[in-house]
Every structure is written in structure tokens, then in C-alpha cells.
Amino acid sequence: MGINTIAEIITSIRNADMDRKRVVRIASNNITENFVKILLKEGFIENVRKHSEKNKYFFVLTLRHRGNRKRSYINFLNLKQISRPGLRIYSNYQRIPRILGGIGIVILSTSKGIMTDWEARLEGIGGEILCYIW
């Protein structure tokens, strides 16, 4: 993992989704673990398992796809990175954007950890907007 772990996670998942792969392998750390838990809880991925190889740990994600082999392929995951190392975007809990009228989610990094937009609104805390998922 490089400097921007969120960007690497998003890029890996987006590339696998566009290439119609069902399985993605991502290096494991605390940020990745919290991010993957949110994706699993919100139903954007089917399954997660932790895999070790030569004393390094990886998450193996099983992506959820929709579409039919006879028709054209439809991407299930749409991910957009918002905050980046050169430009951090922060928001208080009242101004957290709603994606597609509440259908999509916003993932924030708050003082209480990484959480979704509705969890942050319930807690009444804002933070750095990491990405949008719809």
C-alpha cells in the first residue's frame, strides 16, 4: 500500500468490477478493514475473508454483480474518491451530502472512526469525506 490507501482500495474494486471479476485481493490494515466492513454491511460486496500469505494479510472480497451474460454488462459499484492528499474535504454533520437522494452512501473519517453518512448524522459528528458509493 502506498500513501493513499483509500484511493488504492477504490481503484482495485472499480477495476475488478469493470473487468467483471468476482474476486478482489486487497492488502490488510486498519483503514482497509473498516472500509471493507462498511461495504459488507451496506451490501455492496457479498463476502469478505482474511487470507495470510508469507506473514502478510490480505482481504479477499467477493463482489456483487448484476446483469445478465446475454445483455450488456452493468456495473454494480460506482465509487468516487472525494478527499485526497492534496485537497482534504471536510463537512459538519448538517452539511454531509446525500447521494442520489439517500440511495448512495458517503463514507467519512470521523473522530470516532470510519463511518457512513447516516451514522455520522445520528452521532452528530462531521469529518473528512472519503468517498461516495452508489
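None of these values were measured; they are calculated from a predicted model.
- Between the Glu33 side chain and the Phe35 main chain, no donor and acceptor come within less than 3.5 Å of each other.
- The heavy-atom pair separating Arg88 from Ser83 by the smallest distance is CA-OG, 3.2 Å.
- Panel note: side chain Ser52, backbone Tyr57; no donor-acceptor pair is recorded below 3.5 Å.
- Side-chain atoms of Thr32 never come within 3.5 Å of backbone atoms of Ser28 as a donor-acceptor pair (strictly under, hydrogens ignored).
- By the 4.5 Å heavy-atom criterion applied to side chains, Tyr132 and Gln81 are not counted as neighbours.
- Judged by the 6.0 Å distance and 45° axis criteria, Arg121 is not positioned over the aromatic ring of Tyr93.
- The CG atom of Leu130 sits 14.5 Å away from atom NZ of Lys80, with the distance rounded to the nearest 0.5 Å.
- The distance from atom CG of Leu61 to atom CZ of Arg49, rounded to the nearest 0.5 Å, is 10.0 Å.
- Ile26 and Phe44 fall within the same hydrophobic cluster, defined by Ile, Leu, Val, Met, Phe, Trp and Tyr side-chain heavy atoms under 4.5 Å apart, directly or through other members.
- Rounded to the nearest 0.5 angstrom, Ile45 CD1 and Phe59 CZ are separated by 9.5 Å.
- Considering CG of Asn78 and CG of Asp17, their distance stands at 8.0 Å, rounded to 0.5 Å.
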| task | May I have the step-by-step check of side chain to side chain contact (heavy atoms under 4.5 Å, CB included) for Thr116 and Glu42, ending in yes or no? | result | CA-CA 9 Å; Thr116 61; Glu42 295 294 326; 3.9 Å; yes

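- Between the side chain of Arg22 and the backbone N or O of Leu63, at least one donor-acceptor pair lies under 3.5 Å.
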| said: side chain to side chain contact (heavy atoms under 4.5 Å, CB included) for Ile38 and Leu40? Distances and angles first, verdict last. | reply: CA-CA 5 Å; Ile38 289 173; Leu40 183 64; over 6 Å; no

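- Taking CG of Leu79 as the start and OG of Ser12 as the end, the distance is 11.0 Å to the nearest 0.5 Å.
- A 4.5 Å side-chain heavy-atom check between Phe58 and Glu53 finds at least one atom pair inside the cut-off.
- The cluster map of Ile, Leu, Val, Met, Phe, Trp and Tyr, joined by side-chain heavy atoms under 4.5 Å apart, puts Met115 and Ile82 in different clusters.
- Ile6 has its side chain within reach of Asn4: a pair of non-hydrogen atoms, C-beta onward, lies under 4.5 Å apart.
- A distance-only check finds a donor-acceptor pair linking the side chain of Asn29 to the backbone of Ile31 [under 3.5 Å].
- Put simply, the side chain of Ile13 does not reach to within 4.5 Å of the side chain of Thr11, judged on heavy atoms.
- Taking hydrophobic clusters as Ile, Leu, Val, Met, Phe, Trp and Tyr residues chained together by side-chain heavy-atom distances below 4.5 Å, Ile96 does not share a cluster with Tyr90.
- Residues Lys37 and Val48 fail the side-chain proximity criterion, which asks for heavy atoms closer than 4.5 Å.
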Taking only distance into account, with no hydrogens and no angle test, what donor-acceptor pairs under 3.5 Å do side-chain atoms of residues 97-114 form with protein atoms, sequence neighbours excluded?
residue: Thr110; atom: OG1; partner: Lys112; partner atom: N; Å: 3.2
residue: Thr110; atom: OG1; partner: Gly113; partner atom: N; Å: 3.4
residue: Thr110; atom: OG1; partner: Gly113; partner atom: O; Å: 2.7
residue: Lys112; atom: NZ; partner: Glu123; partner atom: OE1; Å: 3.1

| field | side chain to side chain contact (heavy atoms under 4.5 Å, CB included) between Glu119 and Lys41, worked out | value | CA-CA 12 Å; Glu119 290 172 335; Lys41 184 173 67 176; 2.5 Å; yes

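- Side chain of Arg64 to main chain of Gly43: a donor-acceptor pair is present (N/O by atom type, distance under 3.5 Å, no hydrogens or angles).
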